[in-house]
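What follows is a set of notes on a single structure, which appears directly below.
So you know, we letter chains A, B, ... as the sequences are listed, proteins then strands, and number each from 1.
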Amino acid sequence: MPDLDPPLIAWYRANARDLPWRAEGFGAWGVLVSEFMLQQTQVSRVIPRLEEWLERWPTPADLAAAPPADAVRLWANLGYPRRALWLHRAATEIRDRHDGVVPRDVDALLALTGIGDYTARAVAVFAYGDRHPVVDTNTRRVLARAVDGKSQPGAPSKVDLASMSAILPTDDADAAILNAAAMELGAVVCTSRSPQCDACPISHACAWRAAGYPDTGDDRRKQARYEGSDRQARGAVLQVLRAASDHSAPFDAVLAEWPDALQRARAIDSLVRDGLVEVTDGRLHLPR
DNA sequence: TACTCGTGGGT
DNA sequence: TACCCAAGAGT
């Protein structure tokens with residue numbers, strides 16, 4: 001559907017947000033850290049944490065040299081703290097396997113801890129300017145609507161990469177911009193709940209609009225309730241340890257008055273399994 | 001494939 | 001006010 005590209009690219013050039021990782025010369029390490037943080041966390045929450053991280057750990061080797069506990073603590077309230085641990089591991093792998101340089105090859109990126117189909121291609125495209133399809137949830141929604149005429153995308157799959165490849169310009173730089181433009185459109189105009197079709201540069205070519213905005217339903221499964229969940233318990237444990245001056249607290253003192261003792265135990269066990277918490281001498285602490 | 005994994009902004 | 005959902009990845 002090549003008639004989507006020119007208006008989308010023009011719109012992006014005129015309307016793209018001025019985000020830190022889009023600055024000229026931001027660097028592959030900065031892009032990589034930003035992509036880790038942006039995995040399921042909103043842009044507005046990432047920006048302040050990202051600046052803090054890059055100031056403290058300007059290179060992969062700097063992060064690799066720090067104890068994982070520092071990474072988990074500086075991750076603060078970004079959520080999914082396993083990402084902090086995985087980013088630390090990825091930094092170690094970059095130091096050990098790639099001489100401290102963020103790899104450019106997609107397969108090499110995919111081999112790093114915490115990097116999947118999206119992040120690997122985002123780094124190769126946005127940091128190094130190579131030509132690959134970059135598909136996140138925003139792009140999937142834009143394609144579902146504009147191309148497939150559906151209100152929401154189905155479950156993620158490898159087909160998404162092929163769909164984006166099919167409309168990718170030949171030129172590397174144009175391809176990179178289209179990747180970014182599709183994401184940007186989904187993030188600020190073609191949003192999940194209240195799309196601003198009046199402001200959309202490709203509304204004239206949108207299959208969903210042409211079909212009269214049918215509600216095709218949503219294949220995605222709903223998020224589990226957070227209140228009262230194990231995730232909430234895990235988060236509470238880590239909040240305590242992050243706030244402790246030495247990253248540790250007596251085992252029995254952590255969540256002592258949590259309403260569900262079984263759930264408390266389950267949360268601590270799973271955190272230990274994940275490597276986010278360690279138990280030493282009757283104390284819980286972040287991984288050293 | 002389906003499930004799990006935090007935290008908070010937007011409506 | 002509840003609920004949706006967010007630049008996903010690993011198992």
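Residue A/Gln42 contributes atom CD, which lies 8 Å from atom P of B/dG10 at whole-angstrom precision. We find that CZ of A/Phe36 is positioned 15 Å from C1' of B/dC5, with the value rounded to whole Å. With rounding to whole Å, A/Gln223 atom CD is found 13 Å from B/dT7 atom P. Straight-line distance from the CZ atom of A/Arg231 to the C1' atom of C/dA9: 13 Å, rounded to whole Å. The distance between atom CZ of A/Arg82 and atom P of C/dA9, rounded to the nearest whole Å, is 13 Å. Rounded to an integer number of Å, the gap from A/Leu38 CG to C/dA7 P is 8 Å. Separating the CE atom of A/Met37 from the P atom of B/dG9 is a distance of 17 Å, rounded to the nearest angstrom. Rounded to a whole Å, the NZ atom of A/Lys222 is 14 Å from the P atom of B/dC3.
Taking atom C1' in both C/dC5 and B/dG6, the straight-line distance is 13 Å, to the nearest Å. The same atom, C1', is picked in B/dA2 and in C/dA7; the two are 23 Å apart, to the nearest Å.
Of the residues listed (A/Met37, A/Arg231, A/Gln39), the one engaging A/Tyr80 in a side chain to side chain contact (heavy atoms under 4.5 Å, CB included) is A/Arg231, and it is the only one.
Within 4.0 Å (heavy atoms only), A/Arg225 reaches sugar-phosphate atoms of the nucleic acid but no base atom. Among the atoms of the strands shown, only primed sugar atoms or phosphate atoms (P, OP1, OP2) are found under 4.0 Å from some heavy atom of A/Gly116. Among the heavy atoms of the strands, none lies under 4.0 Å from A/Ser229. Residue contacts shown for A/Arg22 include a base, since a base heavy atom lies under 4.0 Å away. Contacts of A/Arg242 with the nucleic acid, taken as non-hydrogen atoms under 4.0 Å apart, involve only primed sugar atoms and P, OP1 or OP2. When heavy atoms are screened at a 4.0 angstrom cut-off, A/Ser192 is found touching the sugar-phosphate backbone but no base atom. At the heavy-atom level, A/Leu19 lies under 4.0 Å from base atoms of the strands shown. Residue contacts shown for A/Ser270 are absent, as no nucleic acid heavy atom lies under 4.0 Å away. Looking at heavy-atom distances under 4.0 Å, A/Asp274 makes no contact with the nucleic acid at all. Counting any heavy atom pair closer than 4.0 Å across all strands shown, A/Leu238 reaches no nucleic acid atom.
Counted by atom type alone, A/Asp160 and A/Ser163 present zero donor-acceptor pairs between their side chains at under 3.5 Å. The closest side-chain donor-acceptor pair between A/Arg288 and A/Thr280, if any, does not fall under 3.5 angstrom. For the residue pair A/Tyr118 / A/Glu35, a side-chain donor-acceptor distance below 3.5 Å is found, with atom types taken as modelled. Counting only N and O atoms by type, the side chains of A/Gln152 and A/Ser192 include a donor and acceptor under 3.5 Å apart.
Dashed line: the shortest gap from a side-chain N or O of A/Tyr226 to OP1 or OP2 of B/dT7 is under 4.0 Å. The phosphate of B/dG8 has OP1 or OP2 within less than 4.0 Å of a side-chain N or O from A/Asn77. Residue A/Arg140 has no polar side-chain atom (N or O) positioned under 4.0 Å from OP1 or OP2 of C/dA7. Distances shown here put every side-chain N or O of A/Thr119 at or beyond 4.0 Å from the OP1 or OP2 atom of C/dG8. Contact check, A/Thr41 against B/dG8: no side-chain N or O comes under 4.0 Å of OP1 or OP2. In this structure, A/Gln39 does not reach the C/dG8 phosphate: none of its side-chain N or O atoms is under 4.0 Å from OP1 or OP2.
Listed nucleotides C/dA7, B/dC5, C/dG8 differ in distance to A/Arg234; the shortest reach to its side chain belongs to B/dC5. Out of C/dA7, B/dC5, B/dG9, the shortest distance to the side chain of A/Trp21 is found at C/dA7. The listed nucleotides are B/dG10, C/dA7, B/dG6; the one nearest the side chain of A/Met183 is C/dA7. Side-chain atoms of A/Arg45 lie closest to B/dG9 of the nucleotides C/dA7, B/dG9, C/dG8.
Looking at A/Ile177 and A/Leu8, their side chains never come closer than 4.5 Å, going by heavy atoms from C-beta outward.
Positionally, the nearest nucleotide of DNA chain B for A/Leu276 lies more toward the 5' end than for the other of A/Ser44 and A/Leu276. Comparing A/Pro81 and A/Ser157, the nucleotide of DNA chain B nearest to each residue sits closer to the 5' end for A/Ser157.
Side-chain atoms of A/Glu35 and base atoms of C/dA9 include no donor and acceptor less than 3.5 Å apart.
A/Leu54 contributes atom CG, which lies 10.5 Å from atom CH2 of A/Trp21 (distance to the nearest 0.5 angstrom).
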